[in-house]
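Mind having a look at this structure? Questions to follow.
Residue numbers count from 1 along this sequence. Both counts, for ligands and for their atoms, begin at 1 and track the order of listing.
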Amino acid sequence: MLIVDGKTYELPIIIGTEGERAIDISRLLKDTGLITMDPGFVNTGSCRSAITFMDGDKGILRHRGIPIEQLAEHSSFVETAYLLINGELPTPEELSKFSAMLNEHSLVHEDMRAFFEHYPSRAHPMGILSSMVTAMRAFYPTLKDRSQEENITITFARLISKLRTLAAMSYNISRGHKVTYPSHQLSYCANFLKMMFDSPVRPYVIDEDIVRALNVFWILHADHEQNCSTSAVRLVGSARVNLYAAISAGISALWGPLHGGANQAVIEMLQEIYNSGGDVAPFIARAKDKNDEFRLMGFGHRVYKSYDPRAKIMEEIVHRLLSKLQLNDPLLDIAKRLEEIALKDSYFVDHKLYPNVDFYSGIVLRAMGIPINMFTVMFAIGRLPGWISQWKESLDDPDWKLHRPRQIYIGLNERDYVPIEKRGK
Ligand code: SDX
């Protein structure tokens, strides 16, 4: 019930399958002439979705109803990608057909290599990736003799498979190394590792534990309802532009240090603590200081007001990987100390700030040998099936509209144009 200027308006309540409730204001402007104001959309839902469910208070994350803990334990990244996009876990036949399609589309047009060769060597891989994905539209246009569904399915496979190949290519070209082509004999994750690290003088030996860790790493990043980059994909996609352009917008949004770029920022922060002698107290104090814009990277979340379930699983991968590789990462000790102190500090407790997915993910990537400037690229490869599934869902959404928020104007009232000779007098 809303009362405006003495008039009462009924506002329907939308209830989701997990009991979430929303006030439906889709007729508010038409009926009352009012809009709502909600910076950062903290209180605003943008869509109904059946893909991912999160409960921020209970630390629950499910994809198509399946808890992230079970997917991390039993699934593969390719299978989880299929689940997100198609809504069900694939049968053995469906999975082998999907895998064959990813293999079929794993090569990158040879002319795309020229792009890499003319980028400044210090260019950030996220900037390269975003522009390469937009360029894919020119190399892989939809074909008129295919149905829309066929074109969309092939575009999904091209993106999922080629993004991974492009990432490995950019890494090797930036170092002046030979590019390794994907192999039809390797799984999606094993292929990536081989393309990244294989060398004519030091062949990369596939380690199944690292392959498993990479599968889980990408499963943990696969989707996360209406986060910043997914909202960017949906917003750009709402203009009915091609999927490559919408995904490129998602990559750009993910690049930000408050979002996917946090995994790189966490390691840079831990390294800074390590270089300054390892004392975390000054950094905790800075994070609490209102006058200091420093934030504890990898901590806090818009939705999770409890431990991010992905961070728990990521920490388990860290321990498994480091003991398997007999590595001892001093940054892990610092991360553990930081977490221990922060979780006892009233500022973090009162603000409900816990480690998020990015807090330990950088340590996993370091153990795999991934360079720090590629950490967010790794996040993007993982999030791609989520972006694709959300974009696809928006196509079929009966409530779909072009995204065009309103505003409240706070500028000058009407005034006349002043000829240049009369200005400044
Ligand atoms: C991801 O949305 C998703 O689902 C994202 C993601 C995904 O999978 O797509 O989960 C991936 O982006 C994880 C988040 C990675 N970012 C970081 O780790 C950067 C550090 N964290 C933050 O900057 C922050 O916590 C955000 C951006 C993640 C969320 O912030 P909100 O919800 O916009 O909240 P806010 O910035 O308004 O902060 C609320 C209060 C403020 O204090 P007050 O002014 O109210 O006193 O909490 C404080 C903030 O100062 N705060 C922090 C803090 N995060 C919030 N203080 C210190 N350190 C932090 N990390």
Looking only at distances, please establish whether an N/O atom of ligand 1 is found under 3.5 Å from an N/O atom of Leu296.
yes

Please state which protein non-hydrogen atom is closest to atom 14 (C) of ligand 1 and give its distance, to 0.1 Å?
Asn356 ND2, 3.6 Å

Who passes side-chain contact (heavy atoms from CB on, under 4.5 Å) against Pro398, sequence neighbours left out?
none

In terms of residue, atom name and distance, what is the protein heavy atom nearest to atom 47 (O) of ligand 1?
His351 CD2, 3.5 Å

Tell me every residue that passes side-chain contact (heavy atoms from CB on, under 4.5 Å) with Asn172, counting only those two or more places apart in sequence or in another chain.
Arg175, His177

Nearest-contact summary for atom 11 (C) of ligand 1 - protein heavy atom, Å
His259 ND1, 3.8 Å

Winner among Val42, Ile284, Leu220, Leu353 once heavy atoms are compared against atom 53 (C) of ligand 1
Leu353

Taking atom types as modelled, find out whether Ser121 and Ser174 have a side-chain donor-acceptor pair closer than 3.5 angstrom.
no

For Arg310, is at least one N or O under 3.5 Å away from an N or O on ligand 1?
yes

Protein heavy-atom partner closest to atom 57 (C) of ligand 1 - residue, atom, separation in Å
Ala287 O, 3.5 Å

Phe359 and His301 aromatic centres sub-6.0 Å:
no

Report the nearest protein non-hydrogen atom to atom 36 (O) of ligand 1: residue, atom name, distance rounded to 0.1 Å.
Arg295 NH1, 2.9 Å

Specify the protein heavy atom at minimum distance from atom 28 (C) of ligand 1: its residue, its atom name, and the distance to 0.1 Å.
Gly300 O, 3.8 Å

